[in-house]
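Encoded as structure tokens, the structure appears first; notes follow it.
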Protein chains: 2
Amino acid sequence: MDLRQMRFVVAVAEELSFTKAAARCHVSQPPLSRAIRELEEELGLQLFERDTHSVRVTLAGQALIADVRVALSALEKGVESARRTAAGLKGALKIGFGGSTVYSLMPSLVRRFRSSASDVDLEFSAMPVLSQIEALRSGVIDIGLLRLPIFDELIETRFVHSEPLVVALPEGHELLSRSGPVAMSSLRTSKFITYEPTRGFNFHSDLLALCRLSGFNPEITHQVPTTEAVVGIVACGEGVAVLPASAERLRMKGVFFRPLNAKRIPEHLSQVRFGLAWCKEGAPATALQFVERVAPL
Amino acid sequence: MDLRQMRFVVAVAEELSFTKAAARCHVSQPPLSRAIRELEEELGLQLFERDTHSVRVTLAGQALIADVRVALSALEKGVESARRTAAGLKGALKIGFGGSTVYSLMPSLVRRFRSSASDVDLEFSAMPVLSQIEALRSGVIDIGLLRLPIFDELIETRFVHSEPLVVALPEGHELLSRSGPVAMSSLRTSKFITYEPTRGFNFHSDLLALCRLSGFNPEITHQVPTTEAVVGIVACGEGVAVLPASAERLRMKGVFFRPLNAKRIPEHLSQVRFGLAWCKEGAPATALQFVERVAPL
DNA sequence: ACTCGGTCATACCTATGGAGTATAAGCATG
DNA sequence: CATGCTTATACTCCATAGGTATGACCGAGT
């Protein structure tokens, strides 16, 4: 038995006519007749009862055809499934997210992706940016959601959106008496809480640049890995912090946020850029699909 | 895609080697390599990643192969199913049973058949013998369980077993004072209850022959269609009845059974023969299978 | 009753392509 | 570096799927 015979048999069973079935299968009638006769001989079973004017399906034929239909549709499904897998619309995708991306970037991106690629099984890992880069290289994650820029020759990135900076001030801080943006220079005497300086994650150095631009070197009292930790320590009254605006969503008792006055600060310092990262080589199709669906060029 | 390619793909995925897969498929390696390359080209998808020393299945390949396996096994199942259907081991079988066959013949035959042909859907119809013959000819039933002999040129029969005759006597009948077999001649003065005389069903005429053999003409007071009715009317005290031994299983208040003394009675009259009947032409395979399983020659 | 139109089966030819053998090319392992 | 395994390529042969032409058969319609 081969696929050709399978399709022929199904067509004859549906048309109850060799001629019509042949037309449907885009072959002439004699080859179809012969193919079916050969199949019957191969199986040693009569599948159709036919005389010169009518065709009936035998019980054995019905039994066979029911399963042939199943086989044909499984095949069709398989091809479609393979296509979707190759296209990255089906399969698995491991997403790493870090820093404050969870507050703004991740939910909207994942929702957007899910709505157009519902067959992809997502797996999430919260991890700091540095770990993300290593995780990308080792295949632990396929896509990283993180702060840009990243400098790694094996990693490709794409910008998604940027946020202004805000200043987190502890309850009782003198600057809270005035409303409106806070100038960097007015933080000259404050103590700073910030992220740990890690390779590839440059928020720390950006803070130093910001302060120097305003003519002072910040006094950094604590360096912790996560946004939650930074804001938590600010809440303790230990100091102030400069953070991406989405950190404002972390409503924590004892902490108030003010926009940072961005006048006279170059954009690459006053805006935090977020985006995607993936391996240039060996990234699964789902990752590339994610990139294109979520952040088309 | 054709079946050949499907089998090749599955073999390569399982062996992770073109050479071994080719051996398993009983072809040499080059045709297999080519077939798979052609399939990949046809689908526009890479199914295997291969270098000169190792073969890996791509994600798309895995997706395809999963469904190909389903298709292949559906096909195998279909062929098997068709074979069983053609052989009469699968499908439907309509069984008609009549008279007293339900007391002995039917349960044992059906159990025997079920144990060896569990895929056949049975359908039962209780019907008198005459109706069975017509039902067989019209295809309402495929197999009849009935009293033999049947004389119909389109119907074939096979003997299964025979029973002796018994006499059903109403409570208070004089012959009940003695135990042991009852001679036909001692019923000379009794009134008789018997089956309706119907074409093809010859119990009635057999009773007349029995009585005449003992030198009397029976006085028949009631003629009813079923064994239950005959025994019921005996229970009313309206007369006696001669019945197949299995009728004894009809334990009815006011009725007692005695063996019929079979001495000097020819066997065709003293024994009731039961068996199967089916159409000589056009009987479904399940009916023929039933006959051979249940009453092999 | 007979012709006509439609059906499925048969005969035969052509050409596609599947299978084989021989061989090359590439990468591990010793 | 050589050997031995792998997969890929080149080329030939023939089995067979497909086509055209035709035959056999049956039902419908005149």
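Heavy atoms only: backbone and side chains are in, while hydrogens, waters and symmetry mates are out. Per chain, numbering begins at 1; letters A, B, ... match sequence-line order.
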* Output yes when B:E40 and B:R50 qualify as a salt bridge under the 4.0 Å nitrogen-oxygen rule, no when they do not. => yes
* **Donor-acceptor side-chain pairing of A:Q29 and A:S33 below 3.5 angstrom** => yes
[X] [atom1] - [N] [atom2] separation (whole Å):
X: B:L16; N: D:dC5; atom1: CG; atom2: P; result: 19 Å
X: A:K20; N: C:dG6; atom1: NZ; atom2: P; result: 11 Å
X: A:E15; N: C:dG6; atom1: CD; atom2: P; result: 17 Å
X: B:R50; N: D:dC5; atom1: CZ; atom2: P; result: 22 Å
X: B:L39; N: C:dG17; atom1: CG; atom2: P; result: 15 Å
X: A:D51; N: C:dC8; atom1: CG; atom2: C1'; result: 9 Å
X: A:L3; N: C:dG17; atom1: CG; atom2: P; result: 16 Å
X: A:R34; N: D:dG18; atom1: CZ; atom2: P; result: 9 Å

Would you mind classifying the nucleic acid contact of [X] as base, sugar-phosphate or nothing, using non-hydrogen atoms under 4.0 angstrom?
X: A:R37; answer: sugar-phosphate
X: A:S17; answer: sugar-phosphate
X: A:S33; answer: sugar-phosphate
X: A:S28; answer: base

* To do: For B:H53 and for A:L32, find the nucleotide of DNA chain D with the closest heavy atom, then tell me which residue's nucleotide is more 5'.
  => B:H53
* First of A:P30 and B:S54 reached from the 5' end of DNA chain D, by closest nucleotide -> B:S54
* **Counterpart residues, ring-ring contact (aromatic ring centres under 6.0 Å, His included), relative to B:F18 (two or more places apart)** => none
Checking contacts here: which listed nucleotide ([options]) is nearest the side-chain heavy atoms of [X]?
X: B:E38; options: C:dG18, C:dA9, D:dT7; value: C:dG18
X: A:F18; options: D:dG18, D:dT7, C:dA9; value: C:dA9
X: B:Q29; options: C:dA28, C:dT21, D:dT7; value: D:dT7

* **Under the 3.5 Å Watson-Crick or G-U criterion, the dot-bracket string of DNA chain D, with | for inter-strand pairs** => ||||||||||||||||||||||||||||||
* To do: Please confirm whether any donor atom in the side chain of A:R4 sits under 3.5 Å from an acceptor in the base of D:dA17, or the reverse.
  => no
* Asked: Taking all atoms of both residues into account, what is the closest heavy-atom pair of B:V294 and B:L109, and its distance?
  -> CG2-O, 3.3 Å
* Are the side chain of B:K94 and the backbone of B:G139 linked by a donor-acceptor contact shorter than 3.5 Å? -> yes
* Short side-chain to backbone donor-acceptor contact, A:T101 and A:L146, under 3.5 Å -> no
* **Non-neighbouring partners of B:E49 that pass salt bridge (Lys or Arg N to Asp or Glu O under 4.0 Å), sequence neighbours left out** => B:R56
* Asked: Would you say B:D67 and A:S81 make side-chain contact, with heavy atoms under 4.5 Å?
  -> yes
